[in-house]
Amino acid sequence: MLVCGMAWGQSAPELTLEQSAIGAVSDEQSAPMQPSVLTDAAAESGASASAEAALQPEAAGARDTEATMSGTTDRTAAAAASANDSAGAVSGAEVPATAQEQQPPASSQAAGAEAPTPDEAVGTDSAGDAAAVASGPEPPSLAAALAKLTDRSFKVKEQAAADIAASGDPRAAEFLKALLEGDLYYRRDDNRIVYAERTSGGWALTDALTGDDLGSVGSRDARKITINNRMRSALRTDIAALTLASPDPAQRLSAAKEMMGDVDDTGVAALRAQLAQEEDPQVRDAIELALAVAGLQAESPAERMAAVQALGTSLYPEARNALDDLIGTEQDPAVLAAAEAARADMAQRVKNMRRLETVFFGLSLGSVLVLAAIGLAITFGVMGVINMAHGELIMIGAYTTYLVQLAMPNAIDWSLFVAIPAAFLVAGLFGVAIERGVIRFLYGRPLETLLATFGLSLILQQLVRTTISAQNVIVENPSWMSGSLQLNPALSLTFNRLYIFVFALLVFVALLLVLKRTALGLQVRAVSQNRAMARAMGVRSARVDALTFGLGAGIAGVAGVALSQLTNVGPNMGQAYIIDSFMVVVFGGVGNLWGTLVGGLTLGVANKFMEPWTGAVLAKILVLVFIILFIQWRPRGLFPQRGRAAEG
């Protein structure tokens with residue numbers, strides 16, 4: 001072992017000389033002892049013990065030298081000096097322990113193996129030390145790190161969490177997440193780390209490492225592993241650093257956002273390593289932002305200035321918060337001025353994104369108003385019928401969607417494609433029945449028509465309460481309508497409103513083509529312009545009236561399908577849209593589809609822009625007042641009918 005300890009700092013000839021000296025001592029000890037020698041040995045036993053004690057610490061130092069690279073040369077030199085002193089001491093004291101060290105192990109003697117020569121021993125030990133240095137320190141054991149979590153000291157547990165992260169075990173992130181969320185426990189009788197689930201009589205335990213079922217214990221036989229705020233911050237950083245290598249871009253993005261803020265040098269190194277190989281542009285932006293936020297903590301003003309310039313082009317909330325923190329603590333005037341300018345520019349761009357988001361919400365509301373009013377534009381604008389049951393036809397379309405989903409519980413994603421034609425047919429049939437049963441007897445009498453359709457609306461509401469439910473029902477959104485389209489960190493468009501806006505435009509175009517390109521549309525326009533002349537030309541006006549009212553009712557049912565994805569479906573849902581529908585038709589121009597489209601979108605955007613200052617209710621009141629004043633100025637609306645249509 002002495003030769004092994006000196007192998008790092010001495011050459012082969014020097015070792016051979018020293019081993020020769022030790023061999024001489026062994027030869028002297030192998031000779032028969034005289035009584036005087038025994039007496040001298042007894043007298044010098046204290047010196048022998050002292051020499052042996054001096055050799056033991058040096059041997060331990062040699063073992064430490066083999067395990068670590070740092071301080072190898074210094075400790076080897078010290079070992080060599082001490083060995084020389086010890087060899088000089090034992091040369092005059094005849095130490096028995098020296099002879100014992102030169103004997104081969106018992107196992108080697110039993111096997112008949114020859115002891116290695118000194119040169120072979122030096123070569124073997126040197127090769128082993130070189131392999132240990134090349135391999136470096138081994139990563140911490142996951143089991144040993146988990147065992148430290150039972151310690152009461154938060155410093156020990158913090159180091160244990162760091163060891164878990166550095167273990168390289170694929171389960172490390174799972175354990176750290178469980179520790180952060182308070183899901184790790186330990187069994188009190190043997191300190192085994194477990195997952196615990198509360199039962200009526202205590203805890204049901206599962207071994208955290210092996211997943212073995214450990215049975216149930218009493219409520220006091222397992223204890224949660226507690227952590228403090230400092231550990232929580234470190235755990236989030238460690239978890240994010242481990243998740244950065246995930247193959248899922250969404251997880252890498254989440255990890256990069258999690259590391260925006262208080263990140264140590266290890267986290268910065270992990271971010272830079274991932275940035276060098278990251279291909280997803282969104283993840284790259286998040287990693288660059290995290291590095292810039294970390295750069296705000298640099299000691300050099302130049303590095304902080306570069307970080308401020310990098311954050312100035314970002315719209316992430318974390319960037320704004322980081323600049324706010326820097327402005328409150330920065331001492332360098334140039335960096336402070338740059339941070340304030342970047343923060344002001346960022347605030348302006350965020351405000352612009354908020355305006356765009358308000359416009360989108362306004363267009364979304366406007367598309368809903370267009371869907372609700374476009375059917376009324378036909379029945380009221382073309383036929384001149386004030387249909388107060390139009391809202392209930394919308395409600396029938398929404399309930400049709402609900403019933404279709406009940407019939408297709410395992411195909412919700414496809415249910416809307418069935419609900420749209422079904423709602424059109426059901427609501428259209430109700431419209432034809434209303435026209436044939438009530439409306440056709442009241443043409444030319446608008447007041448009676450208003451009262452009759454109002455009574456029909458109450459009947460339809462009670463019909464739904466009796467046959468389906470008096471309470472609101474739940475209509476699920478398909479998975480492809482869930483979520484949002486993230487254009488940038490400050491602007492996102494929800495898929496359900498985006499799809500409904502596109503759907504409203506498609507319905508408008510389809511209805512416009514029906515009225516302009518089909519025989520039914522030609523007959524509808526002829527009857528609406530001059531009913532007597534159309535009859536004289538052989539047009540069956542009664543049939544055209546029924547189909548026109550049914551078409552308007554069917555469009556209302558389709559509007560109900562769209563509204564079921566945005567609002568509650570209940571017996572009274574139609575009443576919230578009947579007044580708005582009339583306002584859109586009157587504002588856009590009675591009987592003009594283009595006026596209905598422009599009027600609905602305009603009122604929707606205006607309503608959303610006023611809501612932040614006035615509130616939703618006052619905004620509706622102001623819109624109504626505006627329409628009243630507008631009608632005083634333009635009684636026929638934005639796009640009035642001209643020619644024979646206006647005369648009719």
Side-chain angles (χ1 to χ4, degrees), residues 154-155 158-159 161-162 165 176 180 227-244 252-278 280-357 486-492 612:
F154 286 112
K155 291 184 178 180
E158 185 175 355
Q159 182 59 43
L176 292 180
L180 179 63
I227 59 177
N228 56 13
N229 291 333
R230 179 175 175 177
M231 285 189 64
R232 291 186 182 93
S233 178
L235 284 172
R236 292 189 183 96
T237 302
D238 291 339
I239 293 170
L242 291 173
T243 315
L244 273 178
R252 298 199 303 272
L253 179 62
S254 176
K257 290 181 178 179
E258 189 69 29
M259 298 181 73
M260 294 178 188
D262 187 14
V263 57
D264 55 10
D265 294 340
T266 303
V268 171
L271 287 170
R272 288 175 177 169
Q274 184 62 32
L275 181 62
Q277 58 184 357
E278 183 58 56
D280 189 276
Q282 193 173 7
V283 180
R284 287 187 62 88
D285 292 342
I287 294 177
E288 291 174 353
L289 176 61
L291 290 173
V293 171
L296 295 179
Q297 308 300 324
E299 297 182 359
S300 171
E303 294 181 5
R304 297 199 300 273
M305 179 69 75
V308 168
Q309 293 174 355
L311 292 176
T313 60
S314 176
L315 292 174
Y316 280 98
E318 293 82 1
R320 301 197 297 270
N321 297 336
L323 287 178
D324 290 339
D325 295 340
L326 180 66
I327 291 172
T329 58
E330 182 57 48
Q331 301 297 326
D332 188 275
V335 177
L336 180 60
E340 291 175 347
R343 184 66 181 86
D345 181 67
M346 186 184 299
Q348 183 61 42
R349 288 187 290 113
V350 170
K351 188 179 295 184
N352 294 337
M353 293 299 104
R354 293 288 181 265
R355 292 195 183 101
L356 290 178
E357 189 177 46
Q486 193 78 31
L487 298 181
N488 57 56
L491 179 62
S492 62

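- Here CG of N321 is found 11.0 Å from CG of L311. Values are rounded to the nearest 0.5 Å.
- The two atoms that bring G312 and A342 nearest to each other are CA-CB, 3.9 Å, heavy atoms only.
- In terms of heavy-atom proximity, Q282 sits nearest to Y316 at O-OH, 4.4 Å.
- Annotation for M346 and L323: closest pair CE-CD1, 3.5 Å, computed over non-hydrogen atoms.
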When the side chains of residues 326-333 are checked against the rest of the protein, which donor-acceptor pairs come out under 3.5 Å, sequence neighbours left out?
from : atom 1 : to   : atom 2 : distance (Å)
T329 : OG1    : D325 : O      : 3.1
E330 : OE1    : R304 : NE     : 3.0
E330 : OE2    : R304 : NH2    : 3.0
E330 : OE2    : D332 : N      : 2.9
Q331 : NE2    : T329 : O      : 3.4
D332 : OD1    : A334 : N      : 3.1
D332 : OD1    : V335 : N      : 3.1

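- For R230, the side chain to side chain contact (heavy atoms under 4.5 Å, CB included) partners are E158, N228, not counting sequence neighbours.
- Within 6.0 Å of CD on E288 lie more than 12 heavy atoms contributed by other residues, nucleotides or ligands.
- With sequence neighbours excluded, the residues that form a side chain to side chain contact (heavy atoms under 4.5 Å, CB included) with Q309 are M305.
- Shortest non-hydrogen contact noted between A307 and A292 is CB-O, 3.2 Å.
- One distance of note links CG of L180 with CD1 of I239; it measures 5.0 Å at 0.5 Å rounding.
- Annotation: side-chain hydrogen bond (donor to acceptor under 3.5 Å, both in side chains) contacts of R232 (sequence neighbours excluded): N229.
- Partners of R355 by salt bridge (charged side-chain N to carboxylate O under 4.0 Å, His left out), not counting sequence neighbours: none found.
- Within the structure, every pair that satisfies the salt bridge (Lys or Arg N to Asp or Glu O under 4.0 Å) test and touches residues 335-344, not counting sequence neighbours, is listed here: D324-R343.
- Applying the salt bridge (charged side-chain N to carboxylate O under 4.0 Å, His left out) criterion to D345, with sequence neighbours excluded, gives R349.
- Take E303 and apply the side-chain hydrogen bond (donor to acceptor under 3.5 Å, both in side chains) test, not counting sequence neighbours, and it matches no residue.
- Looking at every heavy atom in both residues, S492 comes nearest to Q486 through CB-OE1, 3.4 Å.
- Residues forming a side chain to side chain contact (heavy atoms under 4.5 Å, CB included) with L356 (at least two apart in sequence, or on another chain): M353, L491.
- Residue pairs meeting the salt bridge (Lys or Arg N to Asp or Glu O under 4.0 Å) criterion with at least one partner in residues 306-319, sequence neighbours excluded, are absent.
- Remark: Q348 engages N352 in a side-chain hydrogen bond (donor to acceptor under 3.5 Å, both in side chains) (not counting sequence neighbours).
- Taken to the nearest 0.5 Å, the OG1 atom of T313 stands 9.0 Å off from the CG atom of D285.
- The side chain to side chain contact (heavy atoms under 4.5 Å, CB included) test applied to E278 returns R252, Q274, D280, V283, R284, I287, not counting sequence neighbours.
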